Amino acid sequence: MELPLKLNREFYKQPLLDLARKLPGKLLVKSTGSELLAGKIVEVEAYDGATDESAHSFNGKTPRTEVMFKEGGYLYVYLSYGVHYCCNIVTGNKDEGTAILIRALEPVIGIDQMAINRFGKDQISVKEKLNLTSGPGKLCKSMGIVKGDNGTDLVKGEIYLTESFETNQPGIVQTTRIGISKAKELPWRFYIKDNPYVSRK
DNA sequence: ATCAAGATTACCT
DNA sequence: GGTAATCTTGATA
């Protein structure tokens with residue numbers, strides 16, 4: 001399968017919310033030696049270290065949040081609740097501390113391998129397929145994204161984004177974010193309307 | 001050195 | 001709908 005055009009540095013350097021609106025529909029790709037995995041982004045959340053109390057970067061640069069302060073186009077991976085990895089796309093310019101959490105994907109390429117990564121088998125039910133990448137921890141498990149991928153350059157590395165397969169713009173819903181205790185009121189969650197892989201309505 | 005919190009998920013009732 | 005699992009980080013001493 002021929003992949004759409006890979007996104008470049010300029011794309012990632014757009015302001016946080018501009019980029020957050022544009023990410024749904026794009027493909028998240030992991031291309032290592034022999035294996036090719038890809039999923040369509042269907043749900044994201046924006047985090048802004050300058051103004052947003054719930055952003056990891058809100059209290060300034062620390063060893064953990066260092067990559068959030070790079071220029072746009074790097075991958076920020078962290079361990080959530082000591083259990084799951086979650087991945088973010090760093091956006092904007094150097095030292096802004098802005099990033100977008102990928103909350104859900106629709107599996108597109110390498111679905112068998114994703115099923116093995118997540119469930120340990122390649123034969124899965126319809127129900128299991130819907131559960132494969134419908135959450136930030138789930139998608140990292142399926143895509144095989146781990147702490148070592150923190151800091152990956154999305155322009156030069158094995159993990160990157162591409163343009164959408166579809167030419168028309170998907171219908172986007174904008175709401176408040178999930179699973180946070182601070183700055184709950186900010187409407188910085190974006191997802192594709194009626195897509196079954198969205199983590200929660 | 002110690003401690004509390006957390007951008008989640010799976011499994012229970 | 002409730003909660004255990006599990007561990008890194010950052011803050012405080």
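Order of the sequence lines fixes the chain letters, A, B, ..., with proteins taken first and strands second; residue numbering starts at 1 for each chain. Owing to the predicted nature of the structure, the values given are computational and were not obtained by experimental measurement.
Protein chain A touches strand DNA chain B; the 5'-most and 3'-most nucleotides with an atom under 4.0 angstrom of its non-hydrogen atoms are dG6(B) to dA10(B).
Sorted by first and then second residue, the salt bridge (Lys or Arg N to Asp or Glu O under 4.0 Å) pairs with a member in residues 192-201 of chain A read Asp194(A)-Lys201(A); sequence neighbours excluded.
Every residue two or more places apart in sequence or in another chain that forms a side-chain hydrogen bond (donor to acceptor under 3.5 Å, both in side chains) with Asn195(A) is listed here: Glu106(A). Applying the side-chain hydrogen bond (donor to acceptor under 3.5 Å, both in side chains) rule to Thr62(A) yields the partners Thr65(A); only residues at least two apart in sequence or on another chain are considered.
To the nearest 0.5 Å, atoms CD (Gln169(A)) and OG (Ser164(A)) are separated by 7.0 Å.
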Counting Watson-Crick and G-U wobble pairs with both distances under 3.5 Å, what is the dot-bracket string for DNA chain B, 5' to 3', using [ ] for crossing pairs and | for pairs to another strand? ||||||.|||||.

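Within 6.0 Å of NZ in Lys129(A) there are 12 or fewer heavy atoms belonging to other residues, nucleotides or ligands. The 12-atom threshold is exceeded at NZ of Lys6(A), counting heavy atoms of other residues, nucleotides or ligands nearer than 6.0 Å.
Salt bridge annotation for Arg9(A)-Glu71(A): present, with a cationic side-chain nitrogen under 4.0 angstrom from a carboxylate oxygen.
Each of Phe11(A), Tyr12(A), Tyr74(A) was evaluated against Val155(A); a single residue qualifies, Tyr12(A), per the side chain to side chain contact (heavy atoms under 4.5 Å, CB included) test.
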Taking distance alone, no hydrogens or angles, what donor-acceptor pairs closer than 3.5 Å link side-chain atoms of residues 37-49 of chain A to residues at least two apart or in another chain?
from	atom 1	to	atom 2	distance (Å)
Lys40(A)	NZ	Glu166(A)	OE2	3.2
Glu43(A)	OE1	Ser199(A)	N	2.6
Glu43(A)	OE1	Ser199(A)	OG	3.0
Glu43(A)	OE2	Arg103(A)	NE	2.9
Glu43(A)	OE2	Arg189(A)	NE	2.8
Glu43(A)	OE2	Arg189(A)	NH2	2.8
Glu43(A)	OE2	Ser199(A)	OG	2.9
Glu45(A)	OE1	Tyr47(A)	OH	2.6
Glu45(A)	OE2	Ile178(A)	N	2.9
Asp48(A)	OD1	Ala50(A)	N	2.9
Asp48(A)	OD2	Thr51(A)	OG1	3.0

Ignoring hydrogens and angles, write down the donor-acceptor pairs under 3.5 Å from the side chains of residues 21-28 of chain A, residues two or more places apart or on other chains.
from	atom 1	to	atom 2	distance (Å)
Arg21(A)	NH1	Gln174(A)	OE1	3.4
Lys22(A)	NZ	Gln14(A)	OE1	2.4
Lys26(A)	NZ	Lys22(A)	O	3.2

Just distance, no hydrogens or angles: give the donor-acceptor pairs under 3.5 Å from side chains in residues 79-92 of chain A, sequence neighbours left out.
from	atom 1	to	atom 2	distance (Å)
Asn88(A)	ND2	Tyr76(A)	O	3.2
Thr91(A)	OG1	Thr98(A)	OG1	2.8

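Listed by residue number, the members of residues 47-66 of chain A with any heavy atom below 4.0 angstrom from DNA chain B are Tyr47(A), Ser54(A), His56(A). Shown for residues 125-145 of chain A: residues whose heavy atoms fall under 4.0 angstrom of DNA chain B, namely Gly135(A), Pro136(A), Gly137(A), Lys138(A). Residues from residues 174-201 of chain A that place a heavy atom under 4.0 Å from any atom of DNA chain C: there are none. For DNA chain C, the neighbouring residues in residues 79-97 of chain A, judged by any heavy atom under 4.0 Å, are Leu79(A), Tyr81(A), Gly82(A), Val83(A).
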